[in-house]
Amino acid sequence: MPDPVDAVEMRTALAGLRRASGLPVAFGGLLSDARHARIAELDGARTGALRGLVISAGSGLGGKAIALARPCAVTDYPTSRHISHEYDTAVAAEGLRSVVAVPVVVRRTVRGVLYGALRTPVSLGDRTFDAAVAAARDVEQALAGRDEVRELLALTREQAAAGPGTAPGAWEDVREAHRELRALEPRVADPALRDELLAICGRLASASGARATPAAAMEVRLAPREVDVVACVAAGATNAAAARQLGLRPETVKGYLRSAMRKLGAHTRLEAVVAARRAGLLP
């Protein structure tokens, strides 16, 4: 079943789609299984006819987008010969004519579908397509991030359970203390106190008994804020949550994370955390 928290990302993306494209209606939902999506989020709708509609892969415009895993559009939904018409009653109740549907694809798996629509039969331009695709990409990134957070949490639990001579609960406390201290460091004005705080963070990072060799430590040089961001990611924070914790803009957090991943030779958030621990940068 779709995660209720993930649905928030769809809601935000739909509002963004309307702002960017000027379309009067946007709606969508996540897949409940491999072949069915439920329309749960509406933005600009006049009726509730579309809410709760279950879209099957291959059926209607959205089902076609799900089945093909690519954007699809029609200029006049009721008369289109390129789609099946199982959902005409709900579409007619909302008065929709020109519609675009974009699948949300994460790791080559369709996870949802997002629609934008007009109540007049006109051809949709590039601006509309670009806005719809961008909105779907936003949902994809959010879902991929949540997937990695869940993987990180699972990894953290495993590592905590295997920590050398440290009870799992206490091991989590060590990591949380490290993250909180790193977040506090920019607020410390006294240089001596800041150096002491960073030294404590260093001891906490090495307390895991991580198999970091001197060569590995020399090879990886992260800026303090890059370490802060990776520490937040290791604790399961999304980019938005890390931004709140560190007092940064989400775009700034993304930049630090990209830089850290490049230096660590990581392609995902999970790989970045694992590499940082191996280098002795995180507990």
Side-chain angles (χ1 to χ4, degrees), residues 1-32 36-55 61-62 65-66 69-73 94 96 99-107 109-118 124 126-153 229 232-233 235-258 268-269:
M1 294 296 292
D3 189 326
V5 177
D6 292 339
V8 175
E9 306 295 348
M10 176 67 76
R11 202 172 305 139
T12 302
L14 294 175
L17 168 57
R18 288 191 65 203
R19 286 194 302 270
S21 67
L23 291 172
V25 189
F27 53 101
L30 301 177
L31 268 68
S32 56
H36 299 89
R38 180 177 178 274
I39 303 301
E41 308 300 332
L42 307 175
D43 196 310
R46 294 173 179 169
T47 74
L50 297 169
R51 188 178 300 279
L53 203 64
V54 176
I55 308 300
L61 183 66
I66 292 171
R70 62 174 175 81
C72 299
E94 188 57 42
L96 305 183
V99 186
V100 59
V102 182
V104 174
V105 184
V106 180
R107 296 179 181 178
T109 299
V110 178
R111 298 276 293 275
V113 62
L114 179 153
Y115 301 80
L118 289 165
L124 296 172
D126 290 343
R127 176 189 172 191
T128 299
F129 271 91
D130 291 346
V133 170
R137 296 299 88 85
D138 286 344
V139 179
E140 290 169 1
Q141 291 175 12
L143 295 182
R146 293 191 189 284
D147 289 348
E148 290 194 10
V149 166
R150 296 182 183 111
E151 293 172 1
L152 283 171
L153 289 174
V229 169
C232 287
V233 170
T238 62
N239 288 346
R244 289 193 297 270
Q245 293 169 16
L246 299 174
L248 301 172
R249 294 173 58 84
E251 293 79 9
T252 305
V253 168
K254 290 180 183 178
Y256 281 129
L257 183 57
R258 283 195 298 267
T268 68
R269 296 157 71 95

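Since the structure is predicted, the reported quantities are computational estimates derived from the model, not experimental observations.
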Are [X] and [Y] close enough that some pair of their side-chain heavy atoms sits under 4.5 Å apart?
X: Arg38; Y: Ser32; answer: no
X: Cys72; Y: Val100; answer: no
X: Leu31; Y: His36; answer: no
X: Val105; Y: Thr109; answer: no

Which atoms form the tightest heavy-atom contact between [X] and [Y], and what is the distance?
X: Val99; Y: Ala117; result: CG2-CB, 3.9 Å
X: Pro103; Y: Pro71; result: CD-N, 3.7 Å
X: Ile55; Y: Gly62; result: CG2-C, 3.9 Å

Checking side chain to side chain contact (heavy atoms under 4.5 Å, CB included) for the pair Val104/Val113: CA distance, chi angles, key distance, verdict? CA-CA 5 Å; Val104 174; Val113 62; over 6 Å; no
Under the ring-ring contact (aromatic ring centres under 6.0 Å, His included) test, which residues partner Tyr115, sequence neighbours left out?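 Applying ring-ring contact (aromatic ring centres under 6.0 Å, His included) to Tyr115 gives Phe27.
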Using salt bridge (charged side-chain N to carboxylate O under 4.0 Å, His left out) as the criterion, list what pairs up with [X], not counting sequence neighbours.
X: Asp43; value: Arg18
X: Arg249; value: Glu251
X: Arg258; value: none

Test of understanding: with side-chain contact (heavy atoms from CB on, under 4.5 Å), list the residues that count as partners of [X], not counting sequence neighbours.
X: Ala135; value: Ala13, Leu17, Leu114
X: Ala20; value: Ala131
X: Arg19; value: Ala15
X: Arg137; value: Val102, Val133, Glu140

Could you give me the CA-CA distance, side-chain angles and deciding distance for Leu118 and Leu96, then say whether side chain to side chain contact (heavy atoms under 4.5 Å, CB included) is met? CA-CA 6 Å; Leu118 289 165; Leu96 305 183; over 6 Å; no
For a quick test of your reading: what N or O donor-acceptor pairs under 3.5 Å do the side chains of residues 45-53 make, sequence neighbours left out?
from  : atom 1 : to    : atom 2 : distance (Å)
Thr47 : OG1    : Ala49 : N      : 3.2
Thr47 : OG1    : Glu94 : OE1    : 2.7
Arg51 : NH1    : Ala40 : O      : 2.9

State the [atom1]-[atom2] distance between [X] and [Y], to the nearest 0.5 angstrom.
X: Met10; Y: Glu41; atom1: CE; atom2: CD; value: 7.5 Å
X: Glu9; Y: Leu30; atom1: CD; atom2: CG; value: 10.0 Å
X: Arg111; Y: Ile66; atom1: CZ; atom2: CD1; value: 13.0 Å
X: Thr128; Y: Leu23; atom1: OG1; atom2: CG; value: 5.0 Å

One pair to check against side chain to side chain contact (heavy atoms under 4.5 Å, CB included): Asn239 and Arg269. What are the steps and the verdict? CA-CA 11 Å; Asn239 288 346; Arg269 296 157 71 95; 2.8 Å; yes
